[in-house]
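Protein chains get the first letters and strands the later ones, always in sequence-line order, with residue 1 at the start of each.
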Protein chains: 2
Amino acid sequence: MPDNERMTAAHISSPADHPQPGLRERKKIKTREAIRTATYALVEEQGYDATTIDQIAERAEVSPSTVFRYFPTKEDIILTDEQDPILLAELRSRPADEPLRDTMRYVMREGARRGFDEDPEVARLRTHLMVQVPAVRSRMMESMSVIGRTLCVAIGERVGRDPDSLEVRVYTMSLLGGLMETALYWGEHDHEDDFAALLDRTLEVLEHGLSKENR
Amino acid sequence: MPDNERMTAAHISSPADHPQPGLRERKKIKTREAIRTATYALVEEQGYDATTIDQIAERAEVSPSTVFRYFPTKEDIILTDEQDPILLAELRSRPADEPLRDTMRYVMREGARRGFDEDPEVARLRTHLMVQVPAVRSRMMESMSVIGRTLCVAIGERVGRDPDSLEVRVYTMSLLGGLMETALYWGEHDHEDDFAALLDRTLEVLEHGLSKENR
DNA sequence: CATGAAATGAGAGTAACTCTCAAAAGATGG
DNA sequence: CCATCTTTTGAGAGTTACTCTCATTTCATG
């Protein structure tokens, strides 16, 4: 089961995305969406573990095979998102002389804002699943380490170092570790806090460490 | 499948560990060891994915049911270790006024040294699996986040802060993220580097960030 | 409309886990 | 040493995520 490549063909959209790319493409998008909404609905009704692929397929009105053609694992139905590549592109397009912290702050904020504006219900459910279902959390961490690779390159460029050097990799993963924990914290506390504020506190800690008995 | 509790009963050894705790206990330890060595041997021969639980059971001369009684998942056979609780205890026993970085440096070094001294072959195989097999890496990350919970308490105590505060959690997870990446780096490079030296570089980065075009 | 390509569905197969229940093996008191 | 109680084990059936293959359908194109 050598599945280093998690990305399905369906994930990679060609750079030029025409508004009307033919019936076939439109149908694929619709199927994808149907599977996702079916999953979210079922999970909300019965919970994650109780929801089987067959049920998802039935409600989405596709065959189980098709579900797997669109998403490599059950967790990916929940975690995958069209926005990730957008965010990565955005990260790359930031001015090269901008301090890394500012870049990350911006990108993270943007990601949270979009995800939440688009559909608050889904965002809520999703983060709850990240917190509660081990398999989902685990999958998220894995995708984090994939993103880490890309981030290393971006960060390596900026700093003028080998992206594969220990230093760059450690820096990147520690940053990501902190950011992910922030997201989990946010989800655990039912999104009561302002995410931007949490992010600021996080970046403060990452930059200056833990001061004793402050706050 | 609500499996928040990953620890099997077999993992929790009573505080008073007698040297001869009766035949029953001794047999359990032997069975556990048999399953582990069978697994390592088979994985070395045929690779991780190609090795099934049935094969493991057969070579260890137990039933498949028994394998699952001892280890909740296949990945745990490889990752679980009697040393982890020892290391955690050691961490707790460090002087309270020792700087955190020094503590972590010490504990990590100690862990790597022991694991490697004990059985270099197994240690090598294990880290390679962490690097190469997604499921194993993923499971390791999960256990990292469990360790993180414990670490938060320890760190919270030292710093005099709420262990559940965002600050402590972010600090802890970013630390762990960096440390794990160091371990992965070490494994990826076939343990050519001196782990202690890598650790020092890691802690330097975590403390002072990435300086531009140094080295 | 005909031909080629891509997407789908159906179905069989694998393997990791779970659960249940009866048999076996160690512990314990007499 | 034996009888009983408890723990561990094995056997087997069941579930489910995921894989692979092949025939059929559906869209694209000239």
Residue B/Ser63, side-chain heavy atoms: nucleotide from D/dT8, D/dT16, D/dA11 that is nearest: D/dA11
Whole angstroms only, please: what is the CG-P distance between B/Asp76 and C/dA16? 14 Å
Within the 4.5 Å heavy-atom criterion, are B/Arg126 and B/Ile78 side-chain neighbours or not? yes
Short heteroatom pairs, N/O only, protein and nucleotides 22-26 of chain D, under 3.5 Å:
{"residue": "D/dT26", "atom": "O2", "partner": "A/Arg24", "partner atom": "NH2", "Å": "3.2"}

Would you mind reading off the distance between A/Phe71 atom CZ and D/dT16 atom P, rounded to a whole angstrom? 21 Å
Rounded off to whole Å, could you give me the CZ-to-P distance for the B/Arg26 and C/dG26 pair? 10 Å
So do the side chains of A/Glu142 and B/Pro134 get within less than 4.5 Å of each other, counting heavy atoms only? yes
Taking CZ from A/Phe68 and P from C/dA10, how many angstroms apart are they, rounded to a whole number? 15 Å
Round to the nearest Å and state the distance from A/Lys28 atom NZ to D/dC27 atom P. 13 Å
State whether B/Tyr171 and B/Arg161 meet the cation-pi test: NZ (Lys) or CZ (Arg) under 6.0 Å from the six-membered ring centroid, and within 45° of the perpendicular axis. no
A/Glu58 CD to C/dG9 C1', in whole Å, measures 15 Å
Taking only residues two or more places apart in sequence, or in another chain, which ones meet A/Asp84 in a salt bridge (Lys or Arg N to Asp or Glu O under 4.0 Å)? none
Could you pull out all residues at least two apart from A/Tyr106 that satisfy ring pair (Phe, Tyr, Trp, His ring centres under 6.0 Å)? none
Pick the nucleotide of DNA chain D nearest each of B/Ser65 and B/Glu25; which residue has the one closer to the 5' end? B/Glu25
Output yes when at least one side-chain N/O atom of A/Tyr70 is less than 4.0 Å from OP1 or OP2 of C/dT8, else no. yes
Expressed in angstrom and rounded to an integer, what is the separation of A/Arg32 atom CZ from C/dT8 atom P? 11 Å
Given D/dC18, is OP1 or OP2 found less than 4.0 Å from the side-chain N or O atoms of A/Lys74? no
When you get a sec, tell me which of C/dG9, D/dT9, D/dA17 is the closest nucleotide to the side chain of B/Thr66? D/dT9
Atom CG of A/Asp49 and atom P of C/dT18: how far apart are they, to the nearest Å? 11 Å
Among D/dT19, C/dC17, D/dT16, which is the nearest nucleotide to the side chain of B/Thr73? C/dC17
Determine, for A/Arg114 against A/Glu110, whether the closest basic-nitrogen to carboxylate-oxygen distance falls under 4.0 angstrom. yes
Is there a side-chain contact between B/Lys74 and B/Val67 in this structure, where contact means two heavy atoms from C-beta onward sitting under 4.5 Å apart? no
